[in-house]
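Model, not experiment: these values are computed from the prediction. By convention in this document, chain letters (A, B, ...) are assigned in the order of the sequence lines, proteins followed by strands, and residues within each chain are numbered from 1.
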Amino acid sequence: MSQDRLHALLIPALQRAFQDSFGTPVEERALVLQQTRAEFEGDLTINVFPFLRVTGKSPEQTAQAIGEHLVGHVEVVERFNVVKGFLNLVISDAYWSRFLHEAASSDILAFPATGAEVMVEYASPNTNKPLHLGHLRNIFLGWSVSRILEAAGNKVIKVQVINDRGIHICKSMLAWQRFGNGETPASSGLKGDKLVGKYYVEFDKAYKQEVDTLVATGVPKEEAEKQAPILLEAQDMLRQWEANDPAVRALWEKMNGWVYDGFNATYERIGVTFDKNYYESQTYVLGKEDVLKGKERGVFYEKDGAVWVDNTKEGLDEKVLLRRDGTSVYMTQDIGTAIKRFEEFPNLKKLIYTVGNEQDYHFKVLFIILKKLGFAWADELFHLSYGMVDLPSGKMKSREGTVVDADDLVQEVVDAARAVTTELGKLDDFSDEEKAELFEMIGLAALKYFLLKVDPKKRMLFDPAASIDLQGHTGPFIQYTYARIRSLLRKAGEAAAESDPASSKSQVLLPEERVVLKLLHQFPAVLSEAAMRLDPSALANHAYELVKAYNGFYQSVPVLKEEDEGKRSRRLALSTAVAKATKKAMWCLGIEVPERM
RNA sequence: GAUCCCGUAGCUCAGUUGGAUAGAGCAUCUGCCUUCUAAGCAGACGGUCGUUGGUUCGAAUCCAACCGGGAUCGCCA
């Protein structure tokens, strides 16, 4: 478990306890405080087994001695009990009450500014087809990581790389020219990215047909795939593009423009923004100079007229960086782009690439190359690698049409949210606009939370039915708890103003309250852990645990109905604190929370 | 073939410097709305933590081998 302020308080105290009781120091890193399991009394537990060699006593005797010392010397340790080798510490209600006051009156998930500037690249779409489910995992993950890093005190620059150039877009352009009859988003009402994607598919159809025709005339399949006239024409178009042919460039700009309109509509709906866009059409020329310079300095070498890097010492292999004809490969421009970014942002502390794990090898090589070129910042590059998204039917394959379209998916979850919410009928006094806004909020929460609660590194299964679920371990469940608390606090408005917290004599916490407080107390440590590991799932899961515990409290402990003013105000404070932390955590996940639902 | 990732309840997932009887959600079943939002709560059912060895007082966690799934290894992007 990650460190929090109780740890900071108790670890030195434990060291002193060992020193005083047994005359031997113990290392700080050997001391591990864990959450006490629910079936025992206590808040924090230390296992003394590792120290028996030092103390020379039995587990029970050791734990007893340490426990007594702590109670005697540390104010917040109220009492303790020993079960086998486990020393369970009970933290005082006074400590928890102080913490509650802080959590209710301030933002416990706010961190001091670190002064560091971090760049997160979290989208890199191609402009020949619309966004799909895989992009959504990528985007939600990168967006959330950006938010988490911001919350952790960093300045974050969010960027996207747009692969706007290359054979893929030429294929769409050519097919549109040939079969499009001048269709535009305006003329057909089709979203721009969908329209361009449609012609990419058209190209593929025509291409396959031509290949089949060639094969029928006796051309070997492999040859036919290279010789299909439409492909040759697309390649020719790419050459014309590179030669700056005005007509090709104009068409390219027009169709890319449609795609951007489409992407932007999607981005706006899912609530993400970028500070800067990098276009491959501008960056693809980068890197060549750097590679040539590297060759001069002997970092790279020439073989068969091409420039290579040798990473065999690093356990990898050799890789071409410049082709025999002097042109770049993908790696080359990534080298150049990284260098450019650090030139543009001289204060950049860290550069994070949110890219699927199919490119693990690519980034390994990229980082090694930049290191070999001598850039000090090469150590600060990080590939935030995430696993592929599978469907119950298997892998998503664009060729087989099993790709889940991002816009369709968003629409589905929003529709599901509308259906369920309408069914529950709690929105009688909502205006149509308010309803529409709420459905978006709930639907997107379901989708985002579903994709973010899983460890990013792992391949995951996307079950459409489960993703629109609004109950259990879901985003809407968390939203619901938040809305419920807000409702409670609204009602408390007058009552809270009248109550006097100082009149409370009762500081004894109920178990239900204590459980919630402990989870709140851990929250800052969970956030900093999430920031360190670049893992939103840790935060997502903790937010769920917190509201789950709160619901248990809510169900069995009266708040507004509590007669004792002190208890009532304490429970309102607890509710306030949970709402605040929940809202902030959801903000870090890129999920909004409603005041009512 | 080489390298890397993954394997925990019927399903989807937590479990991160090795610690107590491995936890949630979904699904199935049982209770709880004349009380602060039942999108909720309480409970039941459900496990050879892929397998076998090893290290350790102690292993889902570390190591090795094997089995199963996936990815990558192009003068493609």
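- Between A:Y554 and A:Y550, the ring-plane angle classifies as tilted under the 30° and 60° cut-offs.
- Here the separation of B:U16 from B:U34, taken at their P atoms, is 43 Å to the nearest Å.
- Taking the six-membered ring where tryptophan is involved, the planes of A:Y544 and A:F477 are tilted, since the angle between them lies from 30° to 60°.
- Within 6.0 Å of NZ in A:K221 there are 12 or fewer heavy atoms belonging to other residues, nucleotides or ligands.
- For the pair A:K319 and B:C75, the criterion of a side-chain N or O lying under 4.0 Å from OP1 or OP2 is not met.
- Each of B:A20, B:C36, B:C76 was ranked by its minimum atom distance to the side chain of A:K561; first place goes to B:C36.
- Taking side-chain N and O atoms only, A:R37 has no distance below 4.0 Å to OP1 or OP2 of B:G19.
- Counting non-hydrogen atoms under 4.0 angstrom, A:V365 reaches nothing in the nucleic acid.
- A:W241 and A:W252 have perpendicular rings, their planes meeting at more than 60° on a 0 to 90° scale where under 30° would count as parallel.
- When the side-chain nitrogen and oxygen atoms of A:K548 are compared with OP1 and OP2 of B:G40, none of them lie within a distance under 4.0 Å.
- Using Watson-Crick or G-U wobble geometry with both donor-acceptor distances under 3.5 Å, B:A2 finds its partner in B:U72.
- Spacing of P atoms, B:A14 relative to B:U8, comes out at 11 Å, to the nearest Å.
- Donor-acceptor pairing under 3.5 Å is recorded for the side chains of A:T45 and A:N88.
- Between A:R323 and the phosphate of B:G74, there is no side-chain N or O to OP1/OP2 separation shorter than 4.0 Å.
- Rounded to whole angstrom, the span from the CG atom of A:L52 across to the P atom of B:G58 amounts to 13 Å.
- Taking atom CG on A:D469 and atom C1' on B:A24, their separation rounds to 14 Å, with Å as the unit.
- One atom, CD of A:Q235, and another, P of B:C76, lie 12 Å apart when rounded to the nearest Å.
- Considering only side-chain atoms of A:F49, the nucleotide from B:U37, B:G19, B:A20 that sits closest is B:G19.
- Which of B:A77, B:C73, B:A24 sits closest to the side chain of A:Y361 comes down to B:C73.
- Distance A:Q555 CD to B:A42 C1': 9 Å, rounded to the nearest Å.
- Heavy atoms of A:N47 sit under 4.0 angstrom from at least one base atom.
- Remark: the separation of the P atoms in B:A59 and B:U52 is 15 Å, to the nearest Å.
- Look at A:F40 and the base of B:A20; the rings stack, centres closer than 5.5 Å and planes less than 30° apart.
- B:C49 and B:U3 have their C1' atoms separated by 27 Å, with the value rounded to a whole Å.
- Between the C1' atom of B:C33 and the CG atom of A:L424 lies a distance of 14 Å, rounded to the nearest Å.
- Between the side chains of A:T327 and A:R323, at least one donor N or O sits under 3.5 Å from an acceptor N or O.
- Atom C1' of B:G50 sits at a distance of 15 Å from the matching atom of B:A9, rounded to the whole Å.
- Between the side chain of A:T421 and the base of B:A39, at least one donor-acceptor pair of N or O atoms lies under 3.5 Å.
- Side-chain proximity of A:Y480 to B:A20, B:G40, B:C73: nearest is B:G40.
- Within 4.0 Å of A:A466, counting heavy atoms only, lies no atom of the nucleic acid at all.
- Across all strands shown, A:I442 has heavy atoms under 4.0 Å from base atoms, whether or not it also approaches the sugar-phosphate.
- The distance from atom OH of A:Y449 to atom P of B:G25 is 12 Å, rounded to the nearest whole Å.
- A donor-acceptor distance shorter than 3.5 angstrom exists from the side chain of A:K288 to the backbone of A:G326, with no hydrogens or angles considered.
- With salt bridges taken as basic N to acidic carboxylate O contacts below 4.0 Å, none links A:E434 and A:R596.
- Comparing B:C41, B:C36, B:G70 against the side chain of A:L560 picks out B:C36 as the nearest.
- Atom name P, nucleotides B:C6 and B:A64: the rounded distance is 14 Å, in whole Å.
- Ring geometry for A:F523 versus A:H542: interplanar angle over 60°, hence perpendicular rather than tilted (30 to 60°).
- Nucleic acid contact for A:D304: base, since at least one base atom lies under 4.0 Å from a heavy atom of the residue.
- With C1' as the reference atom, B:U30 and B:C13 are 26 Å apart, rounded to whole Å.
- Across the strands present, B:U61 finds no partner; the criterion is a Watson-Crick or G-U wobble pair with both atom distances under 3.5 angstrom.
- Distance, A:K426 NZ to B:A38 P: 7 Å, rounded to whole Å.
- As judged by a 4.0 angstrom heavy-atom cut-off over every strand, A:T45 is placed among the base-contacting residues.
- Side-chain atoms of A:N128 and A:S172 form no donor-acceptor pair, as typed in the model, at a separation below 3.5 Å.
- Both thresholds, 5.5 Å between centres and 30° between ring planes, are met by A:F86 relative to the base of B:A20, so the two rings are stacked.
- When the side-chain nitrogen and oxygen atoms of A:Y330 are compared with OP1 and OP2 of B:C75, none of them lie within a distance under 4.0 Å.
- Nearest-nucleotide positions on RNA chain B for A:D325 and A:E595 put A:E595 closer to the 5' end.
- Distances were taken from every side-chain heavy atom of A:Q359 (C-beta onward) to each of B:C75, B:A77, B:A38; the shortest belongs to B:A77.
- Across the strands present, B:C32 finds its partner in B:G40; the criterion is a Watson-Crick or G-U wobble pair with both atom distances under 3.5 angstrom.
- In this structure, of B:U37, B:C36, B:C75, it is B:C36 that holds the atom nearest to the side chain of A:V559.
- Taking atom P in both B:G19 and B:C62, the straight-line distance is 10 Å, to the nearest Å.
- Of the two residues near RNA chain B, A:R29 and A:H362, the one whose nearest nucleotide lies more 5' is A:R29.
- In this structure, CG of A:L321 is placed 11 Å from P of B:C75, rounded to the nearest angstrom.
- Side-chain contact, A:N163 with A:H168: no donor N or O sits under 3.5 Å from an acceptor N or O.
- B:A24: Watson-Crick or G-U partner is B:U12, with both key distances under 3.5 Å.
- When distances run from any side-chain atom of A:V320 to the nucleotides B:A77, B:C75, B:A71, the shortest one goes to B:C75.
- In this structure, A:N88 reaches the bases: a heavy-atom distance under 4.0 Å links it to at least one base atom across the strands shown.
- For B:U37, the OP1/OP2 oxygens have a side-chain nitrogen or oxygen of A:S487 closer than 4.0 Å.
- Residue contacts for A:A465: at a heavy-atom cut-off of 4.0 Å it reaches no nucleic acid atom on any strand shown.
- Between A:F18 and A:F51, the ring planes are tilted. Angles from 30° to 60° get that label.
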Per-nucleotide protein contact string for nucleotides 6-15 of chain B (B base, S sugar-phosphate only, - none; heavy atom under 4.0 Å): -S----SSS-

